[in-house]
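Structure, as structure tokens:
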Protein chains: 2
Amino acid sequence: MLEPISPSPPALASRPVGKEHSPLRDKVAGEIRAAIQAGVFKPGDRLVEDRLAEQFGVSRNPVREAIRTLASEALIEVTARRGAVVASLSPQEAEELLEVRATLEGANARLAARRRDPKTIDQLKEILARGSSAIEAKRVDELAALNDAFHTHLAQAGCNRVLVDLMKTLRDRSGPLFRGIGLEFATESWAEHASILRAVIAGDAELASLLAYRHVLNAGTRRPPEEAG
Amino acid sequence: MLEPISPSPPALASRPVGKEHSPLRDKVAGEIRAAIQAGVFKPGDRLVEDRLAEQFGVSRNPVREAIRTLASEALIEVTARRGAVVASLSPQEAEELLEVRATLEGANARLAARRRDPKTIDQLKEILARGSSAIEAKRVDELAALNDAFHTHLAQAGCNRVLVDLMKTLRDRSGPLFRGIGLEFATESWAEHASILRAVIAGDAELASLLAYRHVLNAGTRRPPEEAG
DNA sequence: ATTATGGATACTGTATACAATCTCTTGGCT
DNA sequence: AGCCAAGAGATTGTATACAGTATCCATAAT
């Protein structure tokens, strides 16, 4: 998670002839994002450029560019000449965020139900099944990834790229709210996923929209206001 | 628009002791943003770091950071090792973008109607009146700014900061679609603003939402698919 | 003519250096 | 003891340098 980023995955012999390697700023941004999602970097933690640069084995420049990107995603908060800290969600902000997410998830579910793309629906069924198994077997740790997969594929089913990108950003941003969720919560949440998918398959756009909207708000209310900013 | 950015507005004698000056990256980002909105930089135009740095009288570093920010806002498109170009909106993308904008404007109008903040409503009335005058006097050039002001204040009336920021970003992003609008279009659009505000004042949340939603979509359909990407 | 090939040029990616500013501590004063 | 000031250290802001790629054009071969 916090190890140096080799200039390129040293695949075979030596391949400094970068061909399909992404810029360091992207790798760094990805690492920091992952660290925030995983809770390695907690809300309020300072992100010191020198420190990050050293940890990743790069210069400060890619780090600074990564910071700008993450700031635009509201995952971190940057104050001029004072540096960046991991964003905190005040109860107020959390509520606002969930309201917007709910609205967009609702709009997307409506689109998905109108479209009913068989391929994507099959993938959603598959994910749903895997989630159910995980819950039955009480493998809670897998559920965060499966939840993300479900929402990602549902977004794809809506087939609106602007919406896909926005929902992903908002989902990442609201991530800290849902870390370390219990089995009980996960079960309810997963049942809601099933209902949403049923409505989508049935082509019931308004029901799908309403269920998706409430799914997000429900998730918020199940979780008491915490993580003050 | 494209003149050098002095390290700080050279107010009095010399004030290198920066106190309330913003970083160059922000000024540069602002300048580029403005240039895109104003049509000085057109969709597809390349943004060469060296060139920008020289034009603004700064080094490439602030320019690069500004580019990351603008890329996150989807105002420009960056390809690794190939640089940045001003974003183009394909008809498909434009439609998707307007659908999302309409959804969010609708959600926001609903919130605004529930809240009915007197102060903000007064400001909206004022803006509406000024726009009407401008239309009567056929001062079309003022309308872009007034339109933005109306939507900005309507967003404030909704009182959801997440929504405010998102809608602003999407509005900027859809800006190129509405450049150089005719008086006829502006008149229709402004009449819709009046209806929305009436619904908000009446506290009719569902009507306000519907009108705001349609207002955005109407604006899109009045304008034939153009600006291919 | 068309397509390859080579190299020159332009541009982006990354690192390093220095300046400006902030933060925190130390010392002195009341 | 408590508070203000000065200075040292830490950190961000900006500029510059160089390396790695991409792009373009001239030239040559088919």
Side-chain angles (χ1 to χ4, degrees), chain A residues 4-11 13-32 41 44-72 76-87, chain B residues 4-11 13-32 41 44-72 76-87:
Chain A
I5 300 172
S6 43
S8 188
S14 79
R15 186 152 49 42
V17 272
K19 197 56 190 173
E20 72 305 300
H21 83 134
S22 53
L24 292 182
R25 59 168 178 272
D26 293 339
K27 301 185 184 179
V28 170
E31 293 287 329
I32 298 176
F41 293 159
D45 283 358
R46 280 197 66 181
L47 297 180
V48 179
E49 297 171 5
D50 262 333
R51 208 174 269 280
L52 293 170
E54 194 181 13
Q55 286 180 337
F56 294 132
V58 303
S59 78
R60 275 176 57 211
N61 244 338
V63 172
R64 283 176 68 84
E65 295 185 15
I67 285 176
R68 299 313 149 217
T69 298
L70 297 171
S72 290
I76 65 179
E77 290 163 7
V78 175
T79 308
R81 264 162 277 110
R82 289 200 187 168
V85 301
V86 177
Chain B
I5 300 171
S6 41
S8 189
S14 80
R15 187 152 52 40
V17 271
K19 197 58 189 173
E20 73 303 302
H21 84 133
S22 54
L24 291 183
R25 60 170 178 269
D26 292 338
K27 300 185 185 179
V28 170
E31 293 287 330
I32 297 176
F41 292 160
D45 283 359
R46 281 197 65 181
L47 296 180
V48 179
E49 296 171 5
D50 263 332
R51 211 173 269 281
L52 293 170
E54 195 181 12
Q55 286 179 337
F56 294 132
V58 303
S59 78
R60 274 177 58 211
N61 243 336
V63 172
R64 283 176 68 83
E65 295 184 14
I67 284 176
R68 300 312 149 219
T69 299
L70 296 171
S72 290
I76 66 179
E77 290 163 6
V78 174
T79 310
R81 265 161 278 111
R82 287 202 187 165
V85 300
V86 178

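Values below: all heavy atoms of this structure, side chains included; hydrogens, waters and symmetry mates excluded. Residue numbers start from 1 in every chain, and the chains themselves are labelled A, B, ... in the order their sequence lines are given, proteins ahead of strands. None of the values given here were measured: they were computed from a predicted structure.
Distance CD (B:E77) to C1' (C:dT12): 18 Å, rounded to an integer number of Å. When rounded to the nearest whole Å, the span between CZ of A:R25 and P of C:dT12 equals 10 Å.
Heavy-atom minimum distance, B:R68 versus A:E65: NE-OE1, 2.9 Å. Between B:A66 and B:R25, the closest heavy-atom pair is CB-O, 3.6 Å. In terms of heavy atoms, A:V78 sits closest to A:A71 at CG2-CB, 3.8 Å. Listed here is the closest heavy atom pair of A:L70 and A:A29: CD2-O, 4.0 Å.
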Please write out each protein N/O paired with an N/O of nucleotides 6-11 of chain C under 3.5 Å, distance rounded to 0.1 Å.
from   : atom 1 : to    : atom 2 : distance (Å)
C:dC11 : O3'    : B:R46 : NH2    : 3.4

Could you go through nucleotides 6-9 of chain D and list every protein N or O atom that sits under 3.5 Å from one of its N or O atoms, giving the distance for each pair?
none

Could you go over nucleotides 15-18 of chain C and give all protein N or O partners under 3.5 Å, atom names and distances?
from   : atom 1 : to    : atom 2 : distance (Å)
C:dA15 : OP2    : A:S59 : N      : 2.6
C:dA15 : OP2    : A:S59 : OG     : 3.0
C:dA15 : N7     : A:N61 : ND2    : 3.2
C:dA15 : N6     : A:N61 : ND2    : 2.8

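Taken from CD1 in B:I32 to OG1 in B:T69, the straight-line distance is 9.5 Å, to the nearest 0.5 Å. Between the OG atom of A:S59 and the CD atom of A:E54 there is a distance of 12.5 Å, given to the nearest 0.5 Å.
Evaluation of the side-chain hydrogen bond (donor to acceptor under 3.5 Å, both in side chains) rule for A:R60 yields A:E49 as partners, not counting sequence neighbours. For A:E77, there are no salt bridge (Lys or Arg N to Asp or Glu O under 4.0 Å) partners two or more places apart in sequence or in a different chain.
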Evaluate B:L47 against B:L52 for side chain to side chain contact (heavy atoms under 4.5 Å, CB included), listing each step before the verdict. CA-CA 7 Å; B:L47 296 180; B:L52 293 170; 3.9 Å; yes
Evaluate the criterion side chain to side chain contact (heavy atoms under 4.5 Å, CB included) for residue pair B:V58 and B:V63; output intermediate values, then yes/no. CA-CA 8 Å; B:V58 303; B:V63 172; 3.9 Å; yes
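Using a 4.0 Å cut-off, no side-chain N or O of B:R81 falls inside it from OP1 or OP2 of D:dG20.
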